[in-house]
Protein chains: 2
Amino acid sequence: MYARMSTDAIIPFKPVNPKTRLSSVLGREEREEFARAMLEDVVEAVRGSGAIPVILSTQPFSHQGVAVEVIAAGLNDSLNQVFKKRDAPLFLVMADLCLATPEALRRVLSTTADIGIVPGRGGGTNILYLKDPRRFRADFYGASFVKHLQVASEFGATHEVVDSFRLHTDIDEVEDLVEVLIHNTGKSREFLLSRGFSLVTEHGRVSVKRYPHKQAL
Amino acid sequence: MYARMSTDAIIPFKPVNPKTRLSSVLGREEREEFARAMLEDVVEAVRGSGAIPVILSTQPFSHQGVAVEVIAAGLNDSLNQVFKKRDAPLFLVMADLCLATPEALRRVLSTTADIGIVPGRGGGTNILYLKDPRRFRADFYGASFVKHLQVASEFGATHEVVDSFRLHTDIDEVEDLVEVLIHNTGKSREFLLSRGFSLVTEHGRVSVKRYPHKQAL
């Protein structure tokens, strides 16, 4: 028989006034609901991958059945506090990766390198799998994917870049909602449909439109 | 010993006035050069995957060592002409997928389903691998990924969606050039660098800037 300890998956989350780049189509409360719907999808995918979700929140917050740690610091400081005292592998998954599936996440967890990393759009980092978190340093914001490869190299750690559009697609901009409506099958898509969003094609290009006052049928 | 016929990989290409959404940063001749640089990277990745590149061009055009078929029709009509008379598997790879690698393409070619498909950003279709092209119909433009899944279903064909950001990222908009500078290691990145493009980070977000009159060192 083969037994393995499950890996904790840290999911950083900002419950208050999140996703401000969606402000043109979603009010503040709606953005908070949408962020929570995406979090639910991420938590479910993480559980399906065999890892144990742990939400790292900027504010006190509760999410059914999931451990929540509140650290009222910036993302890098919070994570580096966690990394320093951690003597087991750690998974780090961004809370807006609502296209994530258990299969995609398992591709990261099965890397033979010291570090598995998934770039986000625009040079960000969406996922890290650190076999020895004490030999790493979070450096988010800007071209963090490039910076994280440098950090890995400084620590003499090998890395694998996992090639997944599901894990590459962070949901920040209105145009990203197209991807949610097409590829998500969970709470995130359900939320958008319930608020009147749908796909429209104009001049061969696809975007989302929100139809006001549309009632759920 | 195991012998296998290589699969033809159709690469649709528009040599004249391509990539008009890059007009704000690249002149027409530059866009034609850049499209050709991306094509070279795609051709090399296709060759590395073991498939044989065949360029399907809207205009007479030559590319060293690669067969070129000219069909002066729209993309769907051109492809459907090819599909109808084809009694062997066919690979279809868009010419702007300059992040493609042999490994990523082989993931599509190794599908056990009747059809391998890779969605592009915004609901498009970037790659198709058709084991029986006569049982398919191209329906590009708009949300073609969704339409192609419907076509597969009409023909009773099974499909696999291959989860790759390298094959998902088609290069159309100025912001897509960030991905080229970060993830491409071939002619496409080289072209952008030679024209003075580089990454800049402002307020934590990464974009490209073009420095005019920058000379190659």
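Please read all numbers here as calculations on a predicted model, not as lab measurements.
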Heavy-atom closest contact ([X] atom, [Y] atom, distance):
X: A:Pro53; Y: A:Ala51; result: CD-O, 3.6 Å
X: B:Pro133; Y: B:Leu90; result: CG-CB, 3.7 Å
X: A:Val174; Y: A:Leu22; result: N-CD2, 3.6 Å
X: B:Leu75; Y: B:Pro12; result: CD1-CB, 3.6 Å
X: B:Pro119; Y: B:Val161; result: CD-CG1, 3.7 Å

Measure [X] against the heavy atoms of chain B and call it side chain, backbone, both or neither at under 4.5 Å.
X: A:Ile182; answer: side chain
X: A:Phe145; answer: side chain
X: A:Val118; answer: neither

- In this structure, CD1 of B:Ile115 is separated from CZ of B:Phe136 (nearest 0.5 Å) by 5.0 Å
Which N or O donor-acceptor pairs, by atom type, sit under 3.5 Å across chain A and chain B?
unit_1   : atom_1 : unit_2   : atom_2 : d
A:Arg107 : NH1    : B:Asp163 : O      : 3.2
A:Arg121 : NH2    : B:Glu175 : OE2    : 3.1
A:Arg121 : NH2    : B:Asp176 : OD1    : 2.9
A:Gly122 : N      : B:Glu179 : OE2    : 2.6
A:Gly142 : N      : B:Gly204 : O      : 3.0
A:Asp163 : O      : B:Arg107 : NH1    : 3.2
A:Asp163 : OD1    : B:Ser164 : OG     : 3.1
A:Asp163 : OD1    : B:Phe165 : N      : 2.7
A:Asp163 : OD1    : B:Arg166 : N      : 2.9
A:Asp163 : OD2    : B:Ser164 : OG     : 2.7
A:Ser164 : OG     : B:Asp163 : OD1    : 3.1
A:Ser164 : OG     : B:Asp163 : OD2    : 2.8
A:Phe165 : N      : B:Asp163 : OD1    : 2.7
A:Arg166 : N      : B:Asp163 : OD1    : 3.0
A:Glu173 : OE2    : B:Arg205 : NH2    : 2.8
A:Glu175 : OE2    : B:Arg121 : NH2    : 3.1
A:Asp176 : OD1    : B:Arg121 : NH2    : 2.9
A:Glu179 : OE2    : B:Gly122 : N      : 2.6
A:Gly204 : O      : B:Gly142 : N      : 3.0
A:Arg205 : NH2    : B:Glu173 : OE2    : 2.8

- Query: Restricting to pairs with a member in residues 95-126 of chain B, which pass ring-ring contact (aromatic ring centres under 6.0 Å, His included), not counting sequence neighbours?
  - Reply: none
